[in-house]
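Numbers here are sequence positions counted from 1.
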Amino acid sequence: MTSISISSDKWQTADVEVMDGDFDDDMLQFLGSFEEVLPETVDKVSERKLKKTSKKQKKKEENTVGSKNPENEEKSIEERRLAKKLKRKEQMAANRKQRKERLARRKEQKELEKGQESVETPIENGKKKRKGGEIQENNDKKKKAKKETDVSAWKQFYFLPNEILEAIEQMGFSQPTEIQSAVLPIAVRDRQDVLGAAETGSGKTLAFGIPLVSRLLEALSNKEEEEPPKGPRALIVAPTRELVIQIMRHINSLIATTPLKAVSIVGGLAQVKQERVISQQNPDIVVATPGRLWAMIQEAEEGSYLAEWSNLKCLVVDETDRMVEEGYFSELTDILNKIHEAADKEKLQTLVFSATLTFAKAQDVAEEEKKKAKELSAHQKIQRLIKLTGLRENKHKVIDLTRQMGTAGCLVEARINCGNLVEKDTALVYLLNRYPGRTMVFVNSVDAARRLHHILKAINIDPMILHAKMIQKQRLRNLEKFAESRNAVLIATDVAARGLDIQGIDHVIHYQVPKKVEIYIHRSGRTARASHRGLTVVLVDPQSRQFYMKLCKGLNRMQDLDIFPIDFEPLMIAIKKRVRLASEIDSLEFRCKKIKMSESWFEKAAREADLDYDETRSREMGGLNLEVDEMIRKSRQLQSQLRSELSAPLPRPDGSDSMRTKYITAEIVSRLRAVGDNAIDVLNQKIEDTKEWKRKNRKATKTDEMNSMKKSLKNSQKNKDRLAEKQRQAKMVKFSMANSLGDNK
Ligand SMILES: Nc1ncnc2c1ncn2[C@@H]1O[C@H](COP(=O)(O)OP(=O)(O)OP(=O)(O)O)[C@@H](O)[C@H]1O
C-alpha cells in the first residue's frame, strides 16, 4: 500500500480504500489503455520494481564480491546480473502482453454477450492500437463499417485537406455539427482567430481540432519551416487532466493518417518521463494542463523543446471561462506571455472555446471591478476574453451559438425537493434504483463525495468516485470503469464537470446544488451530448434553496424546474430504512475515528514531550474508550439490521419482485410494460398528466362558474318576476280601491 496522507478530516477510511495507489499487476491491466497518451503509466511500476531488485542484487553481489575481490570474477558477475535483468525484463513484458490479451479477450466476450453497442471510453483510442490479433480483427471490421460513412456533407468544406476528410470518415461522422459548420470556413479557409461558444456536447473539440491540424498540414505542404522545426507548432491548453486526455483522443484520430505527432503534458504523472518523451519525439502538437506546462517551461533549458516557441502556429484555449478563473489564470497568463514574446503574433492563430463564455468572470481586475464584472453584459465579457487571450485585432470572429438558457437543447431538467439529509440520500438512491443506467452524481466537496461513496457502498450500490485528492491513475481507472459499464454510478466533484465526453450517460444528479450557473451547465452537459436525450435532476434541500433560486435566475428561467415524480412509494419506504441505517453507521464510524485520532495525537504529543498522563487525563481516556466501545457495539448492531434489510428484495413497481410464475402470460407482459422505466418518459408523462389535470380543472371551474352565473341570472329573473307580480297586484288593489271609491260617490 502506498503511504496515504491521513488527514484529520472526515471519511478517512474511504480515502484509504480509494487512494490505495500501489497497483498490483492485475490492477495495472486497467491502465494498459492509457499508455498511448500517458506513456509512463504502465512501465513505471515494473521499472520501479526492477530498480529495487537490481539494487538489492547489486548490494548482495557487492558483499560477496567484496570478500573475494578478483577482477575477472567481478566482470562475470556483472555480465550475469545484466543477463538476468534482461531475461526478467523480457519475461515481464511477455507476461504483461499475455495479461492484456487475456483481458481484452474477456472484455470482447462480455461485449458480445451483452449484444450491445460497445461504449467508447475517453481513452479507447489508445487501446485499439495495442490489442491482440483477434481484437485487431474486430477493430478492422469496425473500421470498415465506419469507412462506409457517407461524408459528402463535409465536401462543402473544399478547403479541408484530404487527410482530415479521411480521418472524419474513420470517425464515422457523416455531417458537421452546427459549431463545426460555423467555425471551419472562418478558421481554416480565412485563417482567422475564433472565439467560439456552443452548448455542451456540440462537438467543439473537432471545431478547433480540425483547423489546428489543417494549419500544420498546410505548413508542411508549403514547406514553411526548416526541417525539423524546433519546439511546439501547436498548443492546446485545457483545465483538467482528464480533459487533456480526451482532447488527445480526438487529435490522435485526426492525425492518424498524417506524419504529425502529439503528446500530452499533465500534472500527477512523472515530469521527468514527460520531459524525456518530449525531447525524444519532438512532437508537433502539445496538449496540456496549464500548471504542469508552466512548471516545465520554467525548468526548460535554453534551446530545449519547451524553451522554443517561435514556431508556434496555432494556440487553442479550451474551457476558456474556467481558464481565466482563479487557480488557472496566473499560469495561463504566464504561458500566453511567453508565447506572445516568442511567436510571430501576426501569424499565430488563436482559437478560444467554451460552452459558457458569457458567464466568465475576469481575474485581471481589481476586487471592486470584479464585483462589477458580474453585471457586465455578454458583449463586455466577450471583449474582455478577447483581450485576455490576445486574439488578433481585426482578424477574429466571435461565434456564439449558445441558447439563452445555456444548457443543451436535448437536456431535460427537473428537481426533487427534500426536507433533510436522509430524504436527500433516499431520493438519490430511489433514482439510482428505479432508473438504472449510467449516472453521474455531482457533489460540491471531497468530503461529501467520500460520505456518499461510503453510504452507497454500504447498501450494495457499487459506485465509482472521482475527485481532485485522488491519485491520477486511480482517477483515470475509475473513469474507464465507469465508461465500460452500462449500469454504473460515478460520484464526482466538479473536477469532472467540464468537457468529459463519456458516451451514453443517462442521468446527471446534482446531489448538492452548484453555486455557480456555469458549473450547473457543465455538470448537466455530461449527459444530452451529440443530440441525444439526457436527464438532469437537482436535489434541493432547505439549506440549498437560495442557491437553487439563484440558479434559476442565472439560467434565465421564467419558472421553476419541473418536479420529478416519485411514483412508487413502497420503494421509497424500503430505501429510506436502508439509507437511515447506513447513514447512522457511517456517522458512528466517523465519530469513532475522530476520537481515536485525537487520542493518538495526544499520545504522540505526550510521548514526544516525554510526559506521563495525569490522573484526570487517564480518567478522560478511560471514558473515551468506553464511548468508543459503545459506539462500536451500536454500529455492529446497526450493521446486522442493515444486513437483514439488504437480504430482502426491494419492491419493484412492476411487481416483478413478488411475481411467482413459471410462464410469461400476456397479462404479465402488459403489466411489465405499463410501468415506465425510462426516467425522461416518466417525467414527461407526469408533466402531460399535470397539464391535462390543470386543463380539466380549469374546464370544471369554468363550468361551475357558468352554472353559478346561470343560476344567479335565473334567480335574479325570478326576483324580477316576483317584484313585477307584486307591483301588478298592488296596482290592481289600487285600481279596485279607486273603483270602489268612485262607486260610493
Ligand atoms: N460531426 C459530428 N457528428 C457526430 N458526432 C460528433 C461530431 N463531432 C463530434 N462528435 C461527437 O460529439 C461528442 C461531443 O463532442 P465534444 O466532446 O467535442 O463536445 P464539446 O462541445 O466539446 O462538449 P463540452 O462543452 O462538454 O466540452 C463527442 O463524442 C464527439 O465524438
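- Evaluation of the salt bridge (Lys or Arg N to Asp or Glu O under 4.0 Å) rule for Arg241 yields no partner, not counting sequence neighbours.
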- [ ] Apply side chain to side chain contact (heavy atoms under 4.5 Å, CB included) to Ile236 and Val286, showing your working.
- [x] CA-CA 6 Å; Ile236 303 172; Val286 171; over 6 Å; no
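- Rounded to the nearest 0.5 Å, atoms CZ (Arg249) and CD1 (Ile251) are 11.5 Å apart.
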- [ ] Let me see the working for Leu385 and Val352 under side chain to side chain contact (heavy atoms under 4.5 Å, CB included), right down to the final yes or no.
- [x] CA-CA 9 Å; Leu385 282 175; Val352 170; 5.6 Å; no
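- For Asn282, the side chain to side chain contact (heavy atoms under 4.5 Å, CB included) partners at least two apart in sequence or on another chain are Pro228, Tyr305.
- With sequence neighbours left out, Glu299 forms a salt bridge (Lys or Arg N to Asp or Glu O under 4.0 Å) with no residue at all.
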Open item on the list: Determine whether Leu184 and Trp154 satisfy the following criterion, side chain to side chain contact (heavy atoms under 4.5 Å, CB included), listing intermediate values before the conclusion.
Closed with: CA-CA 10 Å; Leu184 293 184; Trp154 291 87; 3.9 Å; yes
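- At distances below 3.5 Å, at least one donor-acceptor pair connects side-chain atoms of Thr333 with backbone N or O atoms of Phe329.
- In this structure Asp400 satisfies the side chain to side chain donor-acceptor pair (under 3.5 Å) test together with Thr402, sequence neighbours excluded.
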- [ ] For Ile210 and Phe157, run side chain to side chain contact (heavy atoms under 4.5 Å, CB included): C-alpha distance rounded to whole Å, both residues' side-chain angles, the deciding distance at 0.1 Å, then the answer.
- [x] CA-CA 11 Å; Ile210 294 175; Phe157 307 120; over 6 Å; no
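- Take Arg189 and apply the side chain to side chain donor-acceptor pair (under 3.5 Å) test, not counting sequence neighbours, and it matches no residue.
- Considering all non-hydrogen atoms of both residues, Ala262 and Asn252 come closest at CB-OD1, 4.4 Å.
- Atoms OH and CG, on Tyr520 and Asp494 in that order, are 13.5 Å from each other to the nearest 0.5 Å.
- Between Lys338 and Trp294 there is a side-chain heavy-atom pair separated by less than 4.5 Å.
- Note: Thr389 OG1 to Leu195 CG = 6.5 Å, rounded to the nearest 0.5 Å.
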TODO: Assess whether side-chain hydrogen bond (donor to acceptor under 3.5 Å, both in side chains) is satisfied between Ser445 and His467, documenting all intermediate values.
DONE: CA-CA 8 Å; Ser445 69; His467 56 72; over 6 Å; no
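- Closest approach of Ala197 to Ile179, counting heavy atoms only: O-CD1, 4.0 Å.
- With Gln281 contributing its side chain and Val263 its backbone, the two residues share no donor-acceptor pair below 3.5 Å.
- Residue-environment remark: NZ (Lys261) exceeds the threshold of 12 foreign heavy atoms within 6.0 Å.
- Contact annotation: the side chain of Ile245 approaches that of Leu476 to within less than 4.5 Å [non-hydrogen atoms, C-beta and beyond].
- Considering only heavy atoms from C-beta on, Arg292 stays 4.5 Å or farther from Val266 through its side chain.
- Formation of a donor-acceptor pair under 3.5 Å by the Ser310 side chain with backbone atoms of Ala343 is not found in this model.
- The shortest side-chain heavy-atom distance between Ile265 and Leu306 falls under the 4.5 Å cut-off.
- Lys230 places no side-chain N or O within 3.5 Å of a backbone atom of Gly303 that could act as its donor or acceptor partner.
- Residues that satisfy the salt bridge (Lys or Arg N to Asp or Glu O under 4.0 Å) test with Glu319, not counting sequence neighbours, are Arg498.
- By the 4.0 Å N-to-carboxylate-O rule, Asp190 lies too far from Lys397 to be salt-bridged with it.
- Residues Leu332 and Leu388 fail the side-chain proximity criterion, which asks for heavy atoms closer than 4.5 Å.
- For the side-chain hydrogen bond (donor to acceptor under 3.5 Å, both in side chains) with Ser354, the qualifying choice from Asp321, Thr320, Thr200 is Asp321, the only one to do so.
- Salt-bridge formation is not detected for the pair Glu218/Lys313: no Lys NZ or Arg NE/NH1/NH2 atom is positioned less than 4.0 Å from an Asp or Glu carboxylate oxygen.
- For the pair Met440 and Ala492, the tightest heavy-atom approach, listed with the atom from each and the gap, is CE-CB, 4.4 Å.
- Annotation: side chain to side chain donor-acceptor pair (under 3.5 Å) contacts of Thr258 (sequence neighbours excluded): none.
- Under 4.0 Å is where a charged nitrogen must lie from a carboxylate oxygen, and between Asp284 and Arg233 at least one such pair does.
- Looking at residues two or more places apart in sequence or on another chain, you find no salt bridge (Lys or Arg N to Asp or Glu O under 4.0 Å) involving Asp318.
- Using a 4.5 Å heavy-atom cutoff, the side chains of Leu260 and Val213 are in contact.
- Applying the ring pair (Phe, Tyr, Trp, His ring centres under 6.0 Å) test to pairs two or more places apart or on separate chains, those with a residue in residues 338-358 are Phe208-Phe353.
- Closest non-hydrogen pair, Val287 versus Val244, comes out as O-CG1, 3.6 Å.
- Put simply, the side chain of Leu466 does not reach to within 4.5 Å of the side chain of Ile491, judged on heavy atoms.
- The main-chain N or O of Leu243 is found under 3.5 Å from a side-chain atom of Thr240 such that the two form a donor-acceptor pair.
- For residues 341-350, the set of pairs meeting the side-chain hydrogen bond (donor to acceptor under 3.5 Å, both in side chains) definition, not counting sequence neighbours, is empty.
- Considering CZ of Arg475 and CE of Met464, their distance stands at 16.0 Å, rounded to 0.5 Å.
- Looking only at side-chain heavy atoms (C-beta outward), Glu178 and Ser202 stay at 4.5 Å or farther from each other.
- The closest donor-acceptor contact from the side chain of Gln474 to the backbone of Ile471 lies at 3.5 Å or more, if one exists at all.
- Nearest heavy-atom pair, Ile297 versus Ile335, reported as atom, atom and distance to 0.1 Å: CD1-CG1, 4.4 Å.
- Remark: Ala167 pairs with Met171, Leu254 by the side chain to side chain contact (heavy atoms under 4.5 Å, CB included) rule, at least two apart or across chains.
- No donor-acceptor distance shorter than 3.5 angstrom exists from the side chain of Asn311 to the backbone of Gly231, with no hydrogens or angles considered.
- A side-chain donor-acceptor contact under 3.5 Å links Gln512 to the backbone of Asn444.
- Distance CE/Met248 to OG/Ser253: 10.5 Å, rounded to 0.5 Å.
- The residue from Gln246, Arg529, Arg526, His250 that alone fulfils the side-chain hydrogen bond (donor to acceptor under 3.5 Å, both in side chains) condition with Asp501 is Arg529.
- Every residue two or more places apart in sequence or in another chain that forms a side chain to side chain donor-acceptor pair (under 3.5 Å) with Asp193 is listed here: Arg392.
- Gln472 CD to Arg477 CZ: the interatomic distance, rounded to the nearest 0.5 Å, is 12.5 Å.
- When all heavy atoms of Ile465 and Ala449 are compared, the pair lying nearest together is CD1-O, 3.7 Å.
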